[in-house]
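Predicted model, so just to flag it, every value in this text is computed and none were measured. Below, chains carry the letters A, B, ... as their sequence lines are ordered, and counting in each starts from 1.
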Amino acid sequence: MLGLFIDHDKAYYTHEDRYIEREWQYLKRAWEQNLLGEGHYVVAYCPHCQTSLSNAEVGLGYKEVEDPSMHFKFQVKGKPDEYFVVWTTMPFTIITDLIIGVNPKQDYVKVQVENETWILAKQRVEPIMEILEIENYKIIKTLKGKELVGTKYEYPLMDLIPKQAELDQHPLIHTVVAEEFVDVTTATGIVHLAPANGEDDYSAAQKRELPLFAPFDEQALFTEEAGNFAGHFVRKTDSMVVEELENRGLLLKIGKVKHEYPTCWRSHHKLVWMARREYFIWTNKINKKVMEAAHKVKYFYDSPKNRFLAFLKEGKPWCISRDRVWGSPLPIWVCEECGEKTLVATKQELREKALELPDKDFELHKPWIDRIILKCDKCSGRMVREPFVLDVWHNSGASPYARFTDQEFKELVPTNFLTEAVDQTRGWGNSLLLEHVIYTGKPEAPYEEFLFQGFVLDAKGRKMSKSLGNVLEINKLLQERSADITRFYFLWKCSPIDSMNFDLKELRGRPYQVLSTLYHLHNFFMQNAKYDNFDPQTHTLTWATQQNVLNAPDMWLLSKLQKLVREYTNKAEECEFNFALSQLEDYVVNILSREYVPMIRKDLWSDDPQTLNRRLAVYSTLWYTLKTLVLLSNPVTPFLSEALYQTVYKELDPNLAETVNMENWPTPDTDLEDDALEEEFEILLQTLPVLYSARQNAQLKRRWPLAKTIVIAPKKAQSALKKLEELFLELANVKTAEYADTLPEVDPDRWATASEDELQVLVDKIRDDSLEGEGLMRDLARRVQALRKELGFSPTDIVDAVHIAELEPKAIELLKPFIDEMEALVRAKKVNVHEQQVEIKADWHEDKLDKKKVYVAVV
RNA sequence: GGGCUUGUAGCUCAGUUUGGCUGGAGCGUUCGGCUGAUAACCGAAAGGUCGAGAGUUCAAAUCUCUCCAGGCCCA
């Protein structure tokens, strides 16, 4: 809705067979390189719904629940009186306990309690003793966590679980390990680890290559391997475990605790973490290549780069299997007889190898795909498909190859530029990279540049959410504000990687002003250019140069434009859109609208055929400048650009391309650059406000012409002003100028002054009759102009007569020499001034001039 | 709890990489002015513990450490 170019003919759908077949090619490459295989993964599982939940789903269901709070002890092997003190809210996990963890860097102590020695974190001694209501205890030794590593403990339920007795033979099982994640600020600072029932636990075990002990089935019931606990639902064994520990004298305290714990968002049952059989891409094996590929990408900003690289460096295996119905199937078949596995990556091959096929016309989805039985190459047995579908991130990460043909893939991948929001660091940015490295076998990303963009927040910097009611609805927004102003605001306000506080009020402020000014500049240009029959094909800049009708302001404007094109392009290419747009903003609002237009206004305010070429030169300058601005802003404001292109540029030059999008990107023209001239204008534009300030100090309106100004400035500034004197005098509305190095001796009462830095400007306060008359004429002309506009005349209309009444005789006298000039200025055939309101064909309008009433009428 | 990141005027942002003069801009506010492209514009004024604290240094918004608060991702 905000404007996108989409090639609908090239749309791709990840559920189509041809996409799936090509996606499978990635898996095939992984399979061939031994990068795809079976493993275990600890997932959140809802025992009621009998399904695993994604992380996002887990996040949905945090609730306060009640759980057992069990303090217990593990006896140190060979030391009947020495124990590790441990706390858990899930007693059932003692069944799958394999190791206990301490933090290597933290202090632990041995505490004498009656005849026993207990080991726990130093800082937890007091709170734990309080909980256990033990008053007499003595710290007898302090040691670092790492000193405990390797200590073997007696696994308490060995007699009930024969498999645990078997595992106990392993040198690392039932020993203390060191893990940074162990927190010594809560509980006892010692954790027991059940790798089958916790993610941290699992990775700690995997790191040490421990065998997995996961004695439960798909329904979360303990299997025979769990010995006495077999057949029970895992969580139901909590109380059994508590009882067994108590019988063995290992239970210290059993209570209840309320805490935040994830529950199933559907059934509200407490989730259980369980190791389940899954398929993995062993990206850890190709981490070096992945890192090399990632380092070659340009990210434009350091923070998203650091974040992406840090994430990739973890090199975690990618679990790609999902237990769902919808999704692209995992194309792995397993032999029921010999356990042989095969990966089949095309429909054709499936047909060839099949023992059984579904209907003639099947698609590559459940349930059809599960009905395909293959013949085992090894033993000719029946092979059935692994029931998994693929992680959706695998689908999207496969797009570079899957969506294109081989030829297109060769030509278009790696692509130049991709952009996504920062949350896609672990999403698309990652999956695209991993799959491409696997597919090509090369340390190369499928994108050369990747811009990770920040999030949009509400005006106060809060996350947008339905519950807060601060969600911005784009449809509503677009009813009131254009897509372009929204786009401009997005890119202009802040760096694309920062999160952005979106404020409607702000959008209506400066962004509106910039676009509105650009639009009105075109209006202004069209009004005048059409009136003078400007023809862009004939009246080019080259023509204007040849006719010698380009003046300093035009050349200054054009020089500044080249700088803008260069800077804007550079910033945009670096994705510093906010800086690019603030350059554009400055050029449109300040340089062009506020500074250039007043410089050429007088040239345009004339019908004189003698000066037509000068006016045409201004139009050629504006044509070139405005068109360049429209092209620069086109990526940001495509609708406005197109509208202006059609109604202004194509209107005056029908030979132009069909759309603004067919135009080339502007490049700076060094021939038009003039640093010296820019410097001179810089001085002029610094001097004028000082002069205006001096005027203001003496209450001398800008409309009133003054006799003389004296500028005290460094030599360089003096010469610049002398060079641009005609323009300076006109903009200053002063008849003559003098320049000095130091303040001359003048009558301080006669001269108004203002200064800034090395610059001081004096203006002559004394106005003779002629200056007063001209000033009065311009005051009155201003009133007439306002009235003309109010009455609906267009600027080019010529009115029959203008009447001004209730003027003093002296004023009428002063005005006389300037009536002709006023007639030209207000475009009237005749200007009449009266002492009283006379009978005329039009209505009199009251106005105020320096607190006195005047009456104006236009016929 | 971990990683990345942000904190500068009433608001929105520059400036921090490479320490250096009195910390800037736009918007907003107040007063005055200007305006036949403009919903604009010009002049002046008020407005700052540069998130807090400590350290390094002749010198810190800028470098280091700790803390506080916000954001994203993960746990």
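Below 30°, between 30° and 60°, or above 60°: for A/Tyr489 and A/Trp492 the angle between ring planes is between 30° and 60°, a tilted geometry. Between A/Tyr649 and A/Tyr645, the ring-plane angle classifies as tilted under the 30° and 60° cut-offs.
Nucleotides B/G33 and B/C72 place their C1' atoms 49 Å apart, quoted to the nearest Å. Going from the P atom of B/G51 to that of B/C31 covers 33 Å, rounded to whole Å. When the P atom is used for both B/U5 and B/G48, the distance is 31 Å, rounded to whole Å. Annotation: B/U8 and B/A44 have their P atoms spaced 27 Å apart (nearest Å). For the P atom pair drawn from B/G71 and B/C13, the interatomic distance equals 15 Å after rounding to whole Å. As rounded to the nearest Å, B/G53 and B/U12 have C1' atoms that lie 28 Å from one another. A distance of about 42 Å separates the C1' atoms of B/G32 and B/G19, rounded to the whole Å. Remark: the separation of the C1' atoms in B/U16 and B/G20 is 14 Å, to the nearest Å.
Salt bridge status for A/Lys560 with A/Glu567: absent, with no side-chain N to carboxylate O gap under 4.0 Å.
RNA chain B is contacted by both A/Val589 and A/Leu592; A/Leu592 maps to the nucleotide lying nearer its 5′ end (nearest heavy atom per residue). Nearest-nucleotide positions on RNA chain B for A/Val597 and A/Ala310 put A/Ala310 closer to the 5' end.
Spacing between atom CG of A/Asp586 and atom P of B/G26 amounts to 10 Å, rounded to whole angstrom units. Separating the CG atom of A/Asn590 from the C1' atom of B/C27 is a distance of 14 Å, rounded to the nearest angstrom. Distance A/Tyr531 OH to B/A37 C1': 17 Å, rounded to the nearest Å. Between the CZ atom of A/Phe452 and the P atom of B/C72 there is a distance of 17 Å, rounded to whole Å. Look at CD on A/Gln513: it is 6 Å from C1' on B/A40, rounded to the nearest Å. In this structure, A/Tyr301 places its OH atom 20 Å from P of B/C72, rounding to the nearest Å. For A/Phe308 and B/C74, the CZ to P distance is 14 Å, given to the nearest whole Å. Atoms CG (A/Asp200) and C1' (B/A75) sit 7 Å apart, rounded to a whole Å.
When the nucleotides B/A37, B/A14, B/C41 are ranked by their closest atom to the side chain of A/Phe579, B/A14 comes out on top. Of the candidate nucleotides B/C42, B/A37, B/A14, B/A37 has the atom nearest to the side chain of A/Thr517.
Across all strands, A/Tyr519 comes closer than 4.0 Å to no nucleic acid atom at all (heavy-atom distances). Within 4.0 Å of A/Ser582, counting heavy atoms only, lies no atom of the nucleic acid at all.
B/C63 is paired with B/G55 under the criterion used here, namely a Watson-Crick or G-U wobble arrangement in which both key atom distances are under 3.5 Å. When both distances must be under 3.5 Å, the Watson-Crick or G-U wobble mate of B/G47 does not exist. Nucleotide B/C41 is matched to B/G33 when pairs are restricted to Watson-Crick or G-U wobble geometry with both distances under 3.5 angstrom. Pairing for B/A69 goes to B/U6, judged as Watson-Crick or G-U wobble with the two contacts each under 3.5 Å.
A donor-acceptor contact shorter than 3.5 Å links the side chain of A/Asn528 to the backbone of A/Phe524.
Taking each heavy atom of A/Cys575 and A/Leu451 in turn, the nearest pair found is SG-CD2, 3.9 Å.
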Q: With side chain to side chain contact (heavy atoms under 4.5 Å, CB included) as the test, would you mind laying out the steps for A/His522 and A/Val630 before giving the verdict?
A: CA-CA 10 Å; A/His522 279 84; A/Val630 163; 3.5 Å; yes

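When each of A/Asn590, A/Asp554, A/Thr625 is checked for a side-chain contact (heavy atoms from CB on, under 4.5 Å) with A/Tyr596, only A/Asp554 meets the rule.
Taking 4.0 angstrom as the limit, A/Arg307 places none of its side-chain polar atoms (N or O) nearer than this to OP1 or OP2 of B/C72. Under 4.0 angstrom from either OP1 or OP2 of B/C72 there lies no side-chain N or O belonging to A/Gln453. Listed pair A/Asn306 / B/U5 meets the phosphate criterion, a side-chain N or O lying under 4.0 Å from OP1 or OP2.
Checked by distance alone, A/Ser593 brings no side-chain donor or acceptor within 3.5 Å of a matching partner on the base of B/A40.
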